Every structure is written in C-alpha cells, then in structure tokens.
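Every chain is numbered from 1 and lettered A, B, ... according to where its sequence line falls, protein lines coming before strand lines. Keep in mind that this is a model prediction, so the values were computed, not measured.
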Number of protein chains: 2
Amino acid sequence: MTRAKNGTRERPTLEAVAKRAGVSRATVSRVVNGSTTVAEPIQEAVRRAVRELGYVPNLAARSLVTQRTDSAALILPETPTRVFSDDPFFHGVIRGVSMELDAADKQLVLLIAGSTAGHDRVERYTMGRHVDGVMFASMHGADPLPAALIRMGIPVMCSGRPLGRATVEVPYVDVDQIGGVVSAVRHLLDSGRKRIATISGPQDMVAGIDRLTGYRQALRDSDRRSIVAIGDFTRESGTVAMRQLLDDDPKLDAVFAASDLMAHGALRALREAGRRVPDDVAVIGFDDIEMARYTEPPLTTVRQPIQQIGREMARQLMRLVAGEEIEPVTMLPTELIIRESA
Amino acid sequence: MTRAKNGTRERPTLEAVAKRAGVSRATVSRVVNGSTTVAEPIQEAVRRAVRELGYVPNLAARSLVTQRTDSAALILPETPTRVFSDDPFFHGVIRGVSMELDAADKQLVLLIAGSTAGHDRVERYTMGRHVDGVMFASMHGADPLPAALIRMGIPVMCSGRPLGRATVEVPYVDVDQIGGVVSAVRHLLDSGRKRIATISGPQDMVAGIDRLTGYRQALRDSDRRSIVAIGDFTRESGTVAMRQLLDDDPKLDAVFAASDLMAHGALRALREAGRRVPDDVAVIGFDDIEMARYTEPPLTTVRQPIQQIGREMARQLMRLVAGEEIEPVTMLPTELIIRESA
DNA sequence: CTGAAAGCGCTAACAG
DNA sequence: CTGTTAGCGCTTTCAG
C-alpha cells in the first residue's frame with residue numbers, strides 16, 4: 001500500500017529557512033529571488049539552509065503578492081481526438097508557442113477543452129488568474145471568453161480573427177487567407193479553367209469562412225459562377241464533398257479545397273470517378289502540409305506559416321504581459337506553391 | 001494600438017462584494033462556494049453584487065489557504081513533434097486522463113517538456129504546488145522528478161514502471177507487457193517458426209526494455225536463439241531495423257516488432273527485399289493501433305488498452321489527492337489479436 | 001545591507 | 001444563520 005501524503009507533510013516555508021539560517025524572512029526571499037544586495041557569506045548560509053530543508057517556494061503565495069505566475073495558457077477548444085488527428089495545425093501552433101515561451105522562460109500550460117464542462121473549467125481556470133496570459137487557437141463560433149478575459153485585464157491573443165461583434169478589441173494574428181485563396185483561384189483562371197468549384201471549410205470557423213470569401217471574391221471579378229460544397233477540414237469530408245460536387249456539375253474542371261487534407265480526400269473521389277488530375281480536373285489545396293508533396297499527383301497548395309502563427313501569438317502575448325502596447329492585428333503572408341496537380 | 005491592461009485594472013475582491021451587498025466577507029465566501037447555510041434573500045443580494053461587479057475569485061488566494069488547486073498535471077517529457085506524431089499513444093493517454101478528470105471536475109494541465117530547460121520549468125511548476133497531483137507518461141531514463149515530488153508530499157502516478165532504483169515508492173499503472181510479448185512469440189513458435197527476430201524499442205524507455213525482456217524470456221524456454229535490432233518506436237526506425245535484421249540473418253522467418261509503427265516499417269523493408277508476409281516471414285506488432293487493420297497484410301498484434309491507462313492513472317491520482325490509499329501498481333491486461341500477418 | 005511590518009485575497013474555525 | 005478573527009506563504013516598502 002502506498003500512503004497518500006496528501007500535501008499535509010510539513011513543507012518548509014521561508015520562515016523555517018530564515019530561522020535555520022539565522023536571518024529574516026526578507027533576506028531569504030532576496031536570496032531566493034537572486035537579489036545581489038545581500039552579503040556573500042549570508043547568501044551562502046541561506047542557500048545551505050534552503051538545500052538542507054529542501055525548500056521550494058510556494059508559487060500560490062508568491063503570485064498572490066506579485067500578481068504574476070510566469071506561465072501562459074494555450075486553449076484548444078477541441079476534443080483530444082481532433083487535436084491529435086493528422087491535421088498538423090495544432091502541432092505547428094504548439095511548436096511555435098513552445099519555442100517562444102521557452103525562450104522567455106515561461107511555462108506553457110495547454111488546456112484542451114472539447115466539452116462544455118471543459119470550457120467552463122477553462123474559464124474558471126483562466127479567469128482565476130492561474131496564468132499571466134491566454135492564447136486561443138482554432139476557435140469555433142463566437143466564443144465570449146477572449147473578450148471576457150480582456151475585460152478582466154488578462155492579456156489575450158487569438159490565432160485567427162475572432163468571430164462576433166467585439167465589444168472590446170481582441171488582438172489576433174492571422175495569415176492572409178483571402179490573399180492566398182485569391183492567388184490560387186487566379187492561377188486556375190489563368191490556366192484557362194472554366195468551371196471552378198470549391199470545397200470549403202466549416203462555416204463556424206473563421207478559416208472556413210475566410211477561405212470561402214476569398215474564393216467568391218476571386219470569381220466575382222470573372223464571369224464564372226461559384227460551385228460550393230462544405231467540408232470540415234478532414235480528409236473524409238473532402239471525399240464526400242468532391243463526390244457531391246461531381247454530381248452537381250459533372251463538367252467542372254477545377255477545384256479549390258480549403259485544406260490539404262480535404263484536397264487529398266477529393267483526389268480519391270476524382271480517381272474513383274475516373275477523372276485525371278490535372279488533365280480533367282485541376283486541384284489546389286491549402287496549408288502545404290508535408291503530405292502534399294507525396295500525393296498522386298503532388299498538390300499545388302497555399303502555404304501558410306503555421307509555426308510562425310504560434311511564435312507570433314506568444315511573442316505578442318509576452319509584450320502584453322509586460323505592459324507594452326502592440327498592434328491589434330498581425331498578418332502573416334501566404335504563398336502559392338505550384339506542383340503538378342494544377 | 002491595443003493598450004495592455006497588465007492585470008493592474010482593479011479587480012473586485014471579496015471585500016468589495018461584501019461591502020456592496022452589505023454583508024461580511026465570510027458570507028460572500030459561503031455563497032460563492034455554494035454553502036447552503038445562508039438565508040435565501042442574502043444569497044440573492046450577494047449574487048447580485050457578484051454579478052454587478054463581475055467578481056471572479058482569485059484562485060491563488062484560495063489555494064493558498066485551501067492547499068488545493070482542483071487541477072492535475074500530465075507531464076509529457078517529449079518534444080511537441082513526437083507528441084503529435086502518428087504514434088497514438090499520447091493521444092490515447094490524454095483522452096483517458098481527460099475523461100476521468102472531466103468526471104471529477106478537475107482541470108487537466110498538459111505540460112510538454114522536451115528540452116532540459118522545459119524539464120526544469122516543469123519541476124518548478126509542479127513543486128511549486130500549482131497542481132494537486134502529477135501524472136507522467138512516456139518517461140525516458142531514470143527521471144528523478146517523480147520521486148522528488150512524492151518526497152514533497154505531492155501525489156504522483158506514472159504510466160509504466162519508473163526506471164531506476166527508487167528511494168521512495170512511485171505508484172504506476174502499466175500493461176502486462178511481458179505477458180503480451182510472450183504470447184506473441186509463443187504464437188510464432190507454435191506455428192513452427194524457427195528463426196524469430198525482434199525489433200525492439202528504445203532501451204531508455206521501460207516499454208522498450210520490457211518488451212525485449214518478454215521476447216528473450218519466451219525464447220529462453222525454446223532452443224531458438226535471439227536476433228535483435230533496436231528501433232525507437234517510429235515507422236522509419238522499423239524499416240531500418242528490418243533491413244539490418246535481414247542482413248544479419250537472411251533466413252529469419254518471423255519478427256516481433258515492439259510497436260505497430262515499427263512493424264509497419266518492417267513490412268515495407270520485407271516487401272523491398274522480396275519476402276512475402278506471412279509465407280516467408282511472419283510479422284507481429286504491438287499496440288493494435290487503428291492502422292494495424294489496414295496494412296498489407298493486416299497485422300497480428302498485441303492489444304494494449306492505452307486509453308484505460310490514462311483513465312486508471314487519473315483515477316488513482318484522484319484517490320491519492322483525496323488522501324486514500326492505493327495499490328502501488330495497477331496492471332492492465334494485454335491481448336494477442338491474430339490477423340493475417342502471422 | 002538587513003530586519004520589521006504590512007498586506008496580497010481568500011477560507012475556516014469560533015463565537016454570538 | 002452571520003460576523004469576527006486569524007492566518008495561508010510570500011514580497012516589498014520603509015526604517016535603521
């Protein structure tokens with residue numbers, strides 16, 4: 001049997017260390033926090049006492065007075081299943097955020113909140129000032145939490161423009177979604193495609209909305225009509241959407257999919273339907289994930305710097321936490337990567 | 001420009017709410033924490049004051065006195081890249097932990113610590129009592145942190161037997177690795193295979209060590225000699241190891257890979273070498289990941305209940321946090337799943 | 001350069 | 001049922 005220690009085991013406090021070292025609590029605090037204004041011999045004595053007692057500062061007590069925790073949260077309002085799917089978005093953002101926070105010696109706290117209960121807990125956790133700042137990735141619909149946190153004075157950064165009319169300004173970093181899509185669709189137009197369809201992303205997510213907007217905008221300037229099917233960014237939904245598109249308009253000769261995963265799914269549906277890519281139908285994706293180079297044929301796609309989104313979010317957040325001013329929106333570039341599929 | 005609020009914006013405290021509602025701090029505290037021993041009209045008054053002021057409890061202050069945070073950490077000592085690779089282990093454990101913590105209304109705090117600096121931060125974070133308990137998954141080598149936390153009186157659970165001579169007992173949940181491997185190798189022996197090789201996992205991880213032990217143990221009872229190559233659980237390493245194995249012993253007729261991913265990689269190397277599976281060489285993997293059913297041929301494998309590892313870790317941890325006693329080791333069963341590859 | 005004193009915001013006896 | 005009181009463990013003026 002293992003006996004639960006239950007936290008009740010006496011933990012040495014500053015007081016204890018002070019007594020042992022024969023100094024005051026204030027002095028111990030200074031040494032522990034690296035103040036240089038303490039005489040060397042005393043510093044040594046304090047450090048020995050710390051070591052002997054195994055003293056570790058109580059962070060709750062410290063942050064109660066300093067109002068800082070030296071940690072930041074990244075909130076992913078998704079189920080673990082989706083976070084760990086083969087969509088490399090989360091992976092990239094987390095990597096970027098990690099790197100930047102590492103450099104600032106801040107602890108990254110990852111909060112995954114797929115369920116409603118989870119979302120409520122995250123709200124309590126962040127509003128309760130367990131972290132110095134909060135980042136959001138992959139928001140669905142118009143989540144009121146970012147604005148609520150800002151009203152509480154807690155720094156917030158989002159990846160992707162937050163949906164909903166903001167009563168307060170929520171800063172965010174995004175990539176030039178519309179510009180990227182427009183250049184993709186233009187490429188299709190320029191190469192003489194007549195019937196250009198799109199497989200769009202979910203319309204409760206800003207990336208889904210913006211990419212559809214980009215598609216419509218690019219077609220508006222031409223005389224082509226739009227042909228739309230809705231997916232949810234997954235491979236499977238791409239296949240389903242492509243089939244439907246072929247049903248709707250058997251003569252379509254190009255398709256822009258709002259994610260590489262959906263483009264991959266579309267490739268499969270096209271193959272099943274006996275269409276050759278790019279001869280019969282040109283395909284363009286979005287994201288430039290690793291896999292895009294290994295599909296048959298390799299995917300023309302719009303590259304977005306996912307990892308940099310994470311870095312930029314973290315960097316701006318650190319500035320906010322430090323009390324600096326920042327630009328409310330940071331826009332990162334996208335780039336059309338031309339391969340064999342279009 | 002967005003002005004940083006920097007946390008300095010006056011946040012209403014219990015005191016403020018109490019004054020506004022015309023009651024004492026204690027009463028407000030009772031209402032906020034759902035005590036029923038407060039007269040209904042007063043409760044209502046307090047709730048209104050809370051609403052009007054937008055009061056949110058300061059969790060640092062609360063946990064300073066309650067000694068609880070209502071959150072638990074799951075530590076993944078890996079880089080984000082590996083955590084988000086196609087190895088479904090992390091995904092499964094996180095899912096299991098999430099579900100169990102959800103049920104207990106505790107916040108899951110995910111700490112990813114690939115670098116040394118990251119590991120140090122995690123140490124400070126957990127030792128500083130930011131969480132009520134700590135879980136470890138996928139430990140490498142003999143990490144001293146679990147034992148250190150236990151000595152501090154912080155409840156700890158590990159997935160997989162912790163390596164290194166423990167000065168204190170670190171409770172863990174594991175699956176019956178050895179039993180699973182033994183049944184796999186027996187299956188190979190029973191079907192008449194003579195030269196059974198293994199692609200083992202990394203030897204700084206307990207899963208890697210135990211599965212190799214199982215292999216050796218099963219062969220010890222027979223007259224077969226062991227043929228070993230070391231991988232690191234990734235698909236790529238499986239391919240490399242299989243090539244080497246074929247070099248070492250071109251006549252081998254069976255291979256046990258310590259993970260399905262490595263088995264998948266091995267399949268590829270075998271195909272390249274012109275070996276048919278299972279006719280020339282039988283292959284067995286470990287994990288029973290989704291993909292195992294879609295390989296060519298489908299993989300015979302040892303199923304381990306990954307998600308349940310997470311659930312069990314979280315459940316036991318909650319008991320420790322509650323001050324209950326638990327069994328120091330929880331063993332979960334494995335099961336040989338026979339498909340076409342062996 | 002060091003110590004004393006005053007809280008940070010909250011909960012939990014203990015009285016009344 | 002409600003208010004008073006006493007800290008939780010730490011940092012930070014302010015004196016000395």
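The backbone N or O of A/R25 sits nowhere less than 3.5 Å from a side-chain atom of A/S29 that would complete a donor-acceptor pair. When atom types are taken as modelled, the side chain of A/D132 and the backbone of A/D70 share a donor-acceptor pair closer than 3.5 angstrom.
Within 3.5 Å, a donor on the side chain of B/R25 pairs with an acceptor on the base of C/dT11, or the reverse.
Atoms CG (A/L64) and C1' (D/dC8) sit 9 Å apart, rounded to a whole Å. Between B/K19 atom NZ and C/dG9 atom P the separation is 13 Å, expressed in whole Å. As a whole-Å value, the separation of B/Q67 CD from D/dC8 P is 10 Å. Note: CE (A/M127) to C1' (C/dG9) measures 17 Å, nearest angstrom. The NE2-C1' distance, from B/H130 to D/dG9, rounds to 13 Å in whole Å. Per the geometry, CG belonging to B/N58 stands 14 Å off C1' belonging to D/dC10, to the nearest Å. For B/M152 and D/dG9, the CE to C1' distance is 13 Å, given to the nearest whole Å. One atom, CZ of B/R62, and another, C1' of D/dG9, lie 18 Å apart when rounded to the nearest Å.
Under a 4.0 Å N-O distance rule, the pair A/E324/A/R315 does not qualify as a salt bridge.
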Just the table, please: protein N/O against nucleotides 13-15 of chain D N/O, every pair under 3.5 Å.
none

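Side-chain atoms of A/T69 and A/R129 form no donor-acceptor pair, as typed in the model, at a separation below 3.5 Å. Using a 3.5 Å distance cut-off with no hydrogens or angles, the side chains of B/E78 and B/S138 do pair a donor with an acceptor.
Comparing B/V38 and B/V65 against DNA chain D, the residue whose closest nucleotide sits nearer the 5' end is B/V38.
Checking the phosphate oxygens (OP1, OP2) of D/dT11, a side-chain nitrogen or oxygen of A/S29 falls inside 4.0 Å. Residue A/N33 places at least one side-chain N or O under 4.0 Å from the OP1 or OP2 atom of D/dT11. Residue A/S24 places none of its side-chain N or O atoms closer than 4.0 Å to OP1 or OP2 of C/dA4.
The side chain to side chain donor-acceptor pair (under 3.5 Å) test with B/T330 singles out one residue from B/E312, B/Q316, B/Q308, and that residue is B/Q316.
In plain terms, the two heavy atoms of B/A137 and B/L76 that are nearest each other are CB-CD2, 3.8 Å.
Residue B/A61 places its side chain closer to C/dG9 than to any other of C/dG9, D/dT12, D/dC10.
Counting non-hydrogen atoms under 4.0 angstrom, B/L59 reaches nothing in the nucleic acid.
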